[in-house]
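Heads up, the thing below is written out as structure tokens.
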Amino acid sequence: MKKMLALVLSCIMVLAIAGCGGGDNAPASSSSSSSAQTGGKKIGVAMPTQSSQRWIADGKNMKEKLEKLGYTVDLQYAEDDVQAQVSQIENMITNGANCLVIASIDSNALVNVLEQAKANNIPVIAYDRLLMDTDSVSYYATFDNKGVGVAIGKYIEDKMGLKEGKGPYNIEFFAGSPDDNNAHFLNTGVFEVLQPYLTSGQLVCVSGQTSFDAICTLRWSQETAQKRMEDILSGYYSTGKNLDIVVSPFDGISYGVSAALEGAGYKVGQKWPMITGQDAELMASKNILSGKQSMTIFKDTRILADKCVKMVQAVLEGGQPEINDTTSYNNNKKIVPSYLCSPVPVDKANLQKELIDSGYYKKAELE
Ligand code: BGC
């Protein structure tokens, strides 16, 4: 009898724990009260690529947070293949998605498939990258993309003593993918800070390549950036000029730039240029500690996912999501109500605080 009672009690305890939402890996249906609210609705999450660490974290965070609320999640990566992303979104629509969350590869290429979403009354949320030329987008969760560029520019201004009149320094510029609205915003921020120093001659772009068209990098590709850096080094710096600063808008591009510099005989610690970046990838963080990269921009994907999940809840369950910008993001059809998270510049001085103390990385991962 006692044994029976113990068995019954332990069953009750297990059920109670499961009812409390379970662990991270708990299936969606275990959080019964939330799935009652969310009705097990399906969310299609379309991500661009797994070739960069940040998007893997973005997808994982979104899936976990949505499943905890009782949603069913169809998470897809298109490996930077535009047509593959279109097909994935078409499949999500066919399979009865109730809401789509999209981080696009080419933001102009989704206009038709987003029309289909609209025809099926499926709300769409733009994740990190704005969806252009469509009115089929309800909200946009992102970081302050111009702010990222301003932070990169200010870092250079500050560390190179530009305000104090120091220079001249030789500088080369890299921008992101021309089909990503973020790349344009970021670049505007960089030049807003640095253009006056190009004009004054404290910064000298030896290649003369400063227009967006000249410096952009299709698909933010590391290989493309490496090739362009190699061409610039052999074409403009082979006669003894030292490259002092490289503006890179993404950690992946910074790796390509570093590889080209090493190939041209530059050595870390010996007139190695200041190199910027974005995303606080693990490898970039290690490179910051070793002196290969000077800084990166930390975008806490946990916060972005939180804001985006609130948008999903708002469009599906009613209510207003948190919005803090209703003017900046005009996609040529409408101004998309947005939440802009704050980017944080990270270098050797604050890496411990921002990336380790905040729990984004474990200390051991960086060793
Ligand atoms: C994102 C950046 C990222 C870049 C390359 C941009 O849209 O905002 O965080 O570095 O894409 O993946």
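Ligands are counted one by one from 1 in listed order, and the atoms in each one are counted from 1 as well. Throughout, residue positions are numbered sequentially from 1 according to the sequence presented.
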request  = Measure from NZ or CZ of Arg228 to the centre of the six-membered ring of Phe174 and say whether it is under 6.0 Å with the direction within 45° of the ring axis.
outcome  = yes
message = Check contact between Trp55 and ligand 1, using heavy atoms of the residue and a distance below 4.0 angstrom.
response = yes
task = For atom 6 (C) of ligand 1, grab the closest protein heavy atom and report residue, atom and distance to one decimal in Å.
result = Asp180 OD2, 3.4 Å
query = Which ligand 1 atoms does Arg54 reach within 4.0 Å, using its non-hydrogen atoms?
reply = 1 (C), 2 (C), 8 (O), 9 (O)
message = Considering non-hydrogen atoms of the protein only, which is the closest contact for atom 10 (O) of ligand 1, and what is the distance?
response = Asp279 OD2, 2.7 Å
query = Between Asp128 and ligand 1, which part of the residue brings a heavy atom under 4.0 Å of the ligand: side chain, backbone, both or neither?
reply = side chain
message = The test is salt bridge (charged side-chain N to carboxylate O under 4.0 Å, His left out); show your working for Arg54 and Asp58 and say whether it passes.
response = CA-CA 6 Å; Arg54 77 150 285 185; Asp58 285 284; 2.9 Å; yes
request  = Pull out every atom of ligand 1 sitting under 4.0 Å from any heavy atom of Arg129, numbered as shown with elements.
outcome  = 4 (C), 5 (C), 6 (C), 7 (O), 11 (O), 12 (O)
task = Look only at the side chain of Ser207 and the backbone of Gln209, and say whether a donor-acceptor pair between them is shorter than 3.5 Å.
result = yes
ask   = Does any N/O atom on Ser52 come nearer than 3.5 Å to any N/O atom on ligand 1?
value = no
ask   = Can you list the atoms of ligand 1 that are under 4.0 Å from a heavy atom of Lys299?
value = 1 (C), 2 (C), 8 (O), 9 (O)
inquiry  = Between Asn95 (side chain only) and Asn91 (backbone N and O only), is there a donor and an acceptor less than 3.5 Å apart?
reply    = yes
ask   = Parallel under 30°, tilted from 30 to 60°, perpendicular over 60°: which one fits the rings of Tyr360 and Phe298?
value = perpendicular
query = Between Lys307 and Tyr339, is NZ or CZ placed under 6.0 angstrom from the six-membered ring centre and within 45° of the ring axis?
reply = yes
